[in-house]
Amino acid sequence: MRHTDSIEKLIAGRLARHLPLDETHLAGLLETPPSPEIGDYGLPCYALSKYLHKAPNDIAEDLRGKVELPEGVREAKADGPYLNFFLDRPAVTASVLKLIHGLGSAYGSDDVGAGKTIVIDFGSPNVAKDLGVHHLPSAVIGRALYRVYEKLGYRCAGINFPGDWGTSFGSLIAAVERYDVPDPDALTVSDLQELYVRYTRDAAAQPELLQTARDAFARLEQGESRATALWQAFRQIGLEEFDQVYGMLGVTFDHVNAESSYREQIDGMVRRLLDQGVAIESAGALIVPLDDENLPPCMVRKSDGTSLYMSRDIPAAEHRWEQFRFEKCLYVTGSEQSLHFKQLKAVLKRMGYEWADRIEHVNFGLIRMRDPETGKTRVGSTRRGEMVLLKDLLQEAVSRARAKIEESSGRFGQDADLDDLAAQVGIGAVVFSELSTRRTRDVIFDWDSMLDFEGDTGPYVQYAHARLSSILRKAEQEVVDDVDFALLTLPEEWVLARHLAGFPAAVRRAAAESEPSVIATYLLELCADFSSYYSAGMRDPDRRVLCPADDLRAARLLLVDAARHVIRGGLELLGVAAPERM
RNA sequence: GCGCCCGUAGCUCAGGCGGAUAGAGCGGCGGUUUCCUAAACCGCAGGUCGCAGGUUCAAGUCCUGCCGGGCGUACCA
């Protein structure tokens with residue numbers, strides 16, 4: 001499954017016979033030259049100078065004469081200070097394409113995760129607030145990591161941990177009471193949002209309202225019936241909204257454990273912290289001093305006796321450990337929560353939990369809005385009405401995709417479901433756009449760049465997939481792996497085959513770095529290779545996949561089929577649809 | 001003040017382990033459609049890789065210090 005990796009090892013092994021360095025070290029030195037004409041692997045000989053006391057150029061030349069080539073390697077050439085190796089292309093191509101043909105969608109899979117569980121906390125929005133574009137990253141990054149780990153053989157537990165407890169619910173309860181809202185059950189999420197905004201604004205002028213809100217939350221925590229009834233109504237409204245929006249994205253969870261479900265565990269947790277001497281009282285509140293970790297103190301209970309985020313996250317983490325004995329527990333939330341998770345780990349560590357080290361904060365940058373007047377960017381404020389609703393973004397994406405489809409409606413049959421296709425492409429564009437850059441960067445929200453269908457975008461990858469599908473459809477023949485690989489002589493074919501071999505490595509790296517963009521970048525490169533190859537066949541029928549010569553066509557079909565498997569598999573990992581026509 | 005993240009072409013971004021002329025996309029200019037789907041392809045223009053030191057045969061990549069932007073820094077989540 002790691003074919004080219006093993007060739008690397010073989011080469012390193014042969015080199016080791018003539019050098020005072022071991023195989024592993026040499027394998028690390030091997031690199032890929034800038035272009036395939038220069039070679040498929042290259043060894044820079046500079047580093048060897050100090051061992052051999054010779055000029056790099058002489059070392060390269062000398063080694064070229066001595067080294068015995070392993071199977072799969074055709075030639076070694078000295079190129080200045082580099083010793084370059086050329087692979088036996090038909091042999092390598094055969095091995096890669098046969099592997100993909102045999103494995104199909106399982107290509108790229110691994111079993112390193114067998115028997116291990118990864119817990120992924122993602123989505124996790126606050127109930128009673130609209131789902132804005134800033135909720136997109138957690139949902140799609142979390143889902144992608146889920147699928148990547150699953151591909152590597154791990155068992156995954158996707159957990160949505162909605163924020164349905166806390167002082168903001170006190171604000172809502174206080175708002176309903178203050179403004180005398182007639183029928184709280186009939187409110188929509190947007191109404192709740194508006195209430196919250198109004199209340200917060202009023203509180204800016206009348207600070208005593210903040211206290212009223214905190215008191216209302218205290219009533220809720222004490223189980224007062226009116227506060228509880230209101231909270232239940234808010235919660236219900238919010239959860240229904242989530243189902244709708246996550247449904248549009250196709251994001252699902254294995255478990256929904258809201259913050260409120262841990263409220264019973266808070267007192268016990270606090271007591272243990274006190275008994276263990278981990279927490280102390282300070283200004284009426286309970287804190288865990290974290291001087292040794294060089295962190296600010298961590299508050300676990302407020303001075304009015306109510307709980308806060310941390311009070312619920314600690315029992316939630318304990319529960320997850322009890323339930324899953326996870327290999328890792330990933331929290332996919334914004335970078336602004338970095339300190340929170342450092343503190344969470346530190347507190348759990350102090351409680352004696354070795355597994356605290358298995359917690360990983362998969363952070364991502366903020367989505368910032370550009371002020372049309374000043375041109376400056378800032379975090380979108382709900383209060384100023386700058387927040388773009390995720391629902392609106394997705395709807396706009398679908399309608400733009402639909403318009404684009406109309407331009408080439410001749411491609412589709414009468415029974416084609418163009419609405420469904422528009423959803424696949426439009427939402428695919430949004431999801432891919434979110435996943436195509438490294439997650440820690442802040443992004444400036446822009447309708448047009450998020451909804452672009454050309455260039456390095458999701459639809460570009462989908463389009464390549466549709467073209468591949470089209471070729472295979474038109475071929476009207478079975479794809480077999482019993483072909484003459486020596487016929488695949490075009491440079492583009494070699495580039496494509498070699499790139500296909502790199503998919504498993506991309507999957508592994510995406511997991512190691514918790515970085516779905518590795519997959520997205522890989523797909524864009526692969527599709528660029530394919531698109532060039534495909535376009536070369538535009539003018540020249542002999543370069544087409546569906547060329548006149550039977551044996552050549554069969555070989556090319558196998559290559560094309562493999563590319564389609566990989567692209568589809570990669571899109572699947574990202575949570576992007578792979579339509580057969582578009 | 002302290003901590004973390006970011007600073008690569010006009011714009012948006014790639015650039016695992018330091019290595020051969022720093023790569024894409026968008027935008028600009030110029031080409032390609034009797035079509036294996038032009039949501040594509042090819043070419044041209046465009047970069048002191050924030051600045052200054054350091055380590056190294058070799059630095060966008062590692063180290064230090066600055067500068068600029070962002071986020072966080074006890075009763076929000």
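FYI, side chains are in, hydrogens and waters are out, and symmetry mates aren't considered; it's all heavy atoms of this structure. Everything quoted here is computed from the prediction, not taken from an experiment. Letters A, B, ... are given to chains in the order of the sequence lines, protein chains preceding strands, and every chain is numbered from 1.
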Exercise. Under a 3.5 Å cut-off for both distances, is B/G23 Watson-Crick or wobble paired, and to whom?
Worked result: B/C13
For this session: Write down the distance separating the C1' atoms in B/G30 and B/G46, rounded off to the nearest Å.
Result: 16 Å
Problem set entry | Identified pairing partner of B/U34, criterion: Watson-Crick or G-U wobble below 3.5 Å | none
Exercise. Hey, does A/Arg301 reach any base, or is it just sugar-phosphate, or nothing, if we go heavy atoms under 4.0 Å?
Worked result: nothing
Exercise. Do A/Asp452 and B/A39 have a side chain to base donor-acceptor pair shorter than 3.5 Å?
Worked result: no
For this session: Look at A/Arg556 and B/C36 and indicate whether a side-chain polar atom (N or O) is within less than 4.0 Å of OP1 or OP2.
Result: no
Exercise. Is A/Val443 close to A/Phe364 at the side-chain level, that is, under 4.5 Å between some pair of heavy atoms?
Worked result: no
Exercise. Using the C1' atom in both, what is the distance from B/G68 to B/A77, to the nearest Å?
Worked result: 30 Å
Exercise. Is there a Watson-Crick or G-U wobble partner for B/A58 with both distances under 3.5 Å, and if so, which one is it?
Worked result: none
Exercise. Are there more than 12 heavy atoms of other residues, nucleotides or ligands under 6.0 Å from atom CD of A/Glu406?
Worked result: yes
Problem set entry | Rounded distance in Å between the C1' positions of B/G50 and B/A45 | 25 Å
For this session: Determine the Euclidean distance between corresponding C1' atoms of B/A20 and B/C4; express it in Å to zero decimal places.
Result: 36 Å
Problem set entry | Stacking of A/Tyr309 on B/C76 base (centres under 5.5 Å, planes under 30°) | no
Exercise. Are A/Tyr460 and B/A39 stacked, counting the six-membered base ring, centres under 5.5 Å, planes under 30°?
Worked result: no
Problem set entry | C1' atoms of B/G19 and B/U55, separation to the nearest Å | 16 Å
Problem set entry | Whole-Å P distance, B/C49 and B/G7 | 14 Å
For this session: Would you state whether a donor and an acceptor, one from the side chain of A/Ser282 and one from the base of B/A74, lie under 3.5 Å apart?
Result: yes
Exercise. Paired with B/C71: which nucleotide, if any, by Watson-Crick or G-U wobble criteria at under 3.5 Å for both distances?
Worked result: B/G3
Exercise. Taking the C1' atom of each, how far is B/G10 from B/G70, in whole Å?
Worked result: 23 Å
Exercise. Under the 5.5 Å and 30° test, is A/Tyr82 stacked on the base of B/A20?
Worked result: yes
Exercise. So, is A/Lys50 near the phosphate of B/U56, with a side-chain N or O under 4.0 Å from OP1 or OP2?
Worked result: no
Exercise. Tell me, do A/Glu492 and A/Asp529 make a side-chain contact under 4.5 Å, heavy atoms counted?
Worked result: no
Problem set entry | Atom C1', compared across B/G23 and B/G15: separation rounded to whole Å | 7 Å
Seminar exercise, completed: Mate of B/C44 across any strand shown (Watson-Crick or G-U wobble, both atom pairs under 3.5 Å) is B/G28
For this session: Look at the side-chain N and O atoms of A/Arg214 and state whether any lies under 4.0 Å from the OP1 or OP2 oxygen of B/C76.
Result: yes
Problem set entry | Result of checking A/Ile7, A/Leu83, A/Asn84 against A/Tyr41 for side chain to side chain contact (heavy atoms under 4.5 Å, CB included) | A/Ile7
Exercise. Do A/Arg411 and B/U37 have a side chain to base donor-acceptor pair shorter than 3.5 Å?
Worked result: yes
For this session: Kindly say if A/Ser470 contacts the phosphate of B/U37, meaning a side-chain N or O under 4.0 Å from OP1 or OP2.
Result: yes
